[in-house]
Colleague: 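Can you keep this structure in mind? I'll have questions shortly.
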Amino acid sequence: MHDQQNAKEFPRRQFVALSGALGALGAATVLTGAAATVGGSAAAASGLDAGPTPDSCPTTPPPGGTSPCPPTSLQGICGRPTDNDPLWHDVQYCTSGIVPPPPQPKPDCLKVTSNYVVLHGQPETTHNYLLSPTCRVTGIECPFLVTSGPPNYWNEAWQNARSGGDVPVQYPNIGLGINSQTARRFNQLHIHMAGVRASTQLRLQELESQGRMATSPSQWANPANQAAVTGSAGDRVYRILRLPNLQDNLFGLLYTNVVRPNSLNMADQTIIVVPKMTAAGFAGAFYVLNSDTSIHDGTSTCDYLLVYS
């Protein structure tokens with residue numbers, strides 16, 4: 001589905017303060033490149049693992065590990081289980097059978113695990129899906145996402161969307177994306193699993209051959225690694241990073257290497273992941289694009305590069 005602008009900007013000072021509070025509470029530590037912890041019909045009718053109920057998502061670390069959900073102290077920004085959001089209602093239906101309030105229809109629960117659910121996007125096509133946490137997490141602005149606590153939602157999205165995955169994106173080139181706080185329609189974290197144009201894939205491979213992208217997260221914010229990529233709204237400029245895999249927490253990499261050192265706002269960021277593809281198939285690398293409106297000709301939405309319909 002396309003996300004639309006409907007939320008106010010989250011002040012950076014509040015994000016930084018809450019991020020610091022996480023460390024003080026001992027909930028988790030900010031990633032600096034370490035790998036993150038990975039953790040229709042109703043789910044009950046399909047026989048899928050229902051996972052935790054909305055009110056039972058752990059807020060204290062289990063023995064020997066960290067909690068996969070934001071602590072109660074962050075519910076003011078990361079969301080409460082009682083929030084009235086349509087996508088959160090869909091998640092609750094898939095995980096615990098709570099029927100969405102009318103006139104919202106029951107969703108098709110395409111995959112349900114203890115950490116996430118996969119749903120149809122809108123318009124409903126074979127290359128438009130959403131992966132959303134079973135935890136209550138509003139979106140990219142939630143400070144918990146940049147810690148080692150949450151599951152690796154990006155890698156889970158790729159494992160589902162790839163050829164041979166449980167919910168494959170049926171399109172020659174795949175894109176995964178998340179919108180900024182102000183550019184999204186729903187306030188439950190969701191990663192778009194969709195298509196991208198062949199021209200986008202070719203442009204990124206061209207930039208790679210020219211050495212115009214970062215090859216380590218520490219280089220990601222360097223202006224030399226910014227480039228224009230043409231999408232549905234013309235050219236937009238992105239910071240581009242090439243990674244060999246999605247084992248690291250992309251939220252943490254972005255915050256540590258781009259947002260914090262440049263005094264930016266995490267809530268304003270968009271992330272798009274494009275797996276490198278050749279005629280032989282997946283080429284074992286990922287292009288990770290980031291942008292925001294602080295960049296000249298930048299953007300806060302992933303929708304320009306993703307193909308939903």
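Values reported hereafter were calculated over all heavy atoms of this structure, with side chains retained and with hydrogens, waters and symmetry mates removed. Starting from 1, each residue takes its place in the sequence as its number.
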Colleague: With sequence neighbours excluded, what pairs up with W220 under the ring pair (Phe, Tyr, Trp, His ring centres under 6.0 Å) test?
Modeller: none
Colleague: Compare all side-chain heavy atoms of L189 with those of T138 and state whether any distance is below 4.5 angstrom.
Modeller: no
Colleague: Heavy-atom distance under 4.5 Å between the side chains of Q104 and D90, does that happen here?
Modeller: yes
Colleague: For a quick test of reading the model, state the closest non-hydrogen atom pair linking G298 to R236 and the distance between them.
Modeller: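 Nearest pair, atom of G298 first, then R236: O-CD, 3.8 Å.
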Colleague: Identify the residue among L264, N290, N249 that makes a side-chain contact (heavy atoms from CB on, under 4.5 Å) with L254.
Modeller: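 Testing L254 for a side-chain contact (heavy atoms from CB on, under 4.5 Å) against L264, N290, N249 leaves exactly one candidate, N290.
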Colleague: Looking at F144 and P68, what are the two nearest heavy atoms and their distance?
Modeller: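 Result for this residue pair: CE2-O, 3.6 Å.
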Colleague: To check you understand the geometry: which heavy-atom pair defines the closest contact between P107 and L119, and what is its length?
Modeller: CB-CD2, 4.0 Å
Colleague: Rounded to the nearest 0.5 Å, how far does CG of N128 lie from CE of M193?
Modeller: 10.0 Å
Colleague: Determine the interplanar angle of the H192 and Y308 rings, folded into 0 to 90°, and report it as parallel if under 30°, tilted if 30 to 60°, perpendicular if over 60°.
Modeller: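 It falls in the tilted class, 30° to 60°.
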Colleague: Decide yes or no for C69 and P150: does some side-chain heavy atom of the first lie under 4.5 Å from some side-chain heavy atom of the second?
Modeller: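 SC-SC contact between C69 and P150 ruled out.
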Colleague: Determine, step by step, whether W158 and F286 satisfy the ring-ring contact (aromatic ring centres under 6.0 Å, His included) criterion, reporting the C-alpha distance in whole Å, the side-chain angles of both residues, the deciding distance to 0.1 Å, and the verdict.
Modeller: CA-CA 10 Å; W158 162 242; F286 297 88; 5.3 Å; yes
Colleague: How long is the gap from CG on L243 to CG on D248, to the nearest 0.5 Å?
Modeller: 7.0 Å
Colleague: So how far is it from W88 CH2 to D83 CG, rounded to the nearest 0.5 Å?
Modeller: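 Separation between the atoms: 9.0 Å.
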Colleague: Assess the side chains of N115 and T113: does a donor N or O sit below 3.5 Å from an acceptor N or O?
Modeller: no
Colleague: With rounding to the nearest 0.5 angstrom, report the CG to CG distance, N187 to N84.
Modeller: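 Separation between the atoms: 11.0 Å.
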Colleague: In chain order, what residues pass the ring pair (Phe, Tyr, Trp, His ring centres under 6.0 Å) check against Y171, with sequence neighbours excluded?
Modeller: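 Listed in chain order: H127.
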Colleague: Please answer: with hydrophobic residues joined when any side-chain heavy atoms are less than 4.5 Å apart, are F282 and V167 in the same cluster?
Modeller: yes
Colleague: How would you list, by chain and number, every residue that makes a ring pair (Phe, Tyr, Trp, His ring centres under 6.0 Å) with F251, sequence neighbours excluded?
Modeller: W154
Colleague: Looking only at side-chain N and O atoms, does S218 offer a donor or acceptor that is under 3.5 Å from a partner on S216?
Modeller: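 There is such a pair (donor and acceptor under 3.5 Å, judged by atom type) between the side chains of S216 and S218.
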Colleague: With a 3.5 Å cut-off and no angle check, do the side chains of T230 and D235 form a donor-acceptor pair?
Modeller: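 Yes, D235 and T230 have a side-chain donor paired with an acceptor closer than 3.5 Å.
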Colleague: Ion pair present between D166 and K111, side-chain N to carboxylate O less than 4.0 angstrom?
Modeller: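 Counted as a salt bridge, because a side-chain N and a carboxylate O are separated by less than 4.0 Å.
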Colleague: Are Q226 and I240 close enough that some pair of their side-chain heavy atoms sits under 4.5 Å apart?
Modeller: no
Colleague: Would you please test E208 and K276 for salt bridge (charged side-chain N to carboxylate O under 4.0 Å, His left out) and show each step?
Modeller: CA-CA 10 Å; E208 180 184 15; K276 182 178 180 179; 3.1 Å; yes
Colleague: Could you tell me if the side chain of Q247 sits less than 4.5 Å from the side chain of N155, heavy atoms only?
Modeller: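 Side chain of N155 against side chain of Q247, heavy atoms only: contact under 4.5 Å found.
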Colleague: Are the side chains of T270 and D292 in touch, meaning some heavy atoms are under 4.5 Å apart?
Modeller: no
Colleague: Could you walk me through whether Q188 and D85 satisfy the side-chain hydrogen bond (donor to acceptor under 3.5 Å, both in side chains) test, starting with their C-alpha distance in whole Å, then the side-chain angles of each, then the deciding distance to 0.1 Å, before giving a yes or no?
Modeller: CA-CA 7 Å; Q188 168 66 9; D85 180 83; over 6 Å; no
Colleague: Indicate yes or no: at least one non-hydrogen side-chain atom of V274 is less than 4.5 angstrom from one of I174.
Modeller: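 Heavy-atom side-chain distance check fails, nothing below 4.5 Å.
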Colleague: How long is the span from the CE atom in M213 to the CG atom in L204, to the nearest 0.5 Å?
Modeller: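 Between M213 CE and L204 CG, I get 5.5 Å after rounding to 0.5 Å.
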Colleague: Do Q181 and D268 meet the criterion of a side-chain donor-acceptor pair at a distance under 3.5 Å?
Modeller: no
Colleague: Find out whether P70 and V137 are in side-chain contact, i.e. whether some heavy atom of one side chain is under 4.5 Å from a heavy atom of the other.
Modeller: yes
Colleague: What's the spacing between L202 CG and S199 OG if we round to 0.5 Å?
Modeller: 7.0 Å
Colleague: Is there a side-chain hydrogen bond (donor to acceptor under 3.5 Å, both in side chains) between N160 and Y129 once you walk through the steps?
Modeller: CA-CA 10 Å; N160 278 277; Y129 304 104; over 6 Å; no
Colleague: Which heavy-atom pair separates I140 from S180 by the least distance, and what is that distance?
Modeller: CG2-CA, 4.3 Å
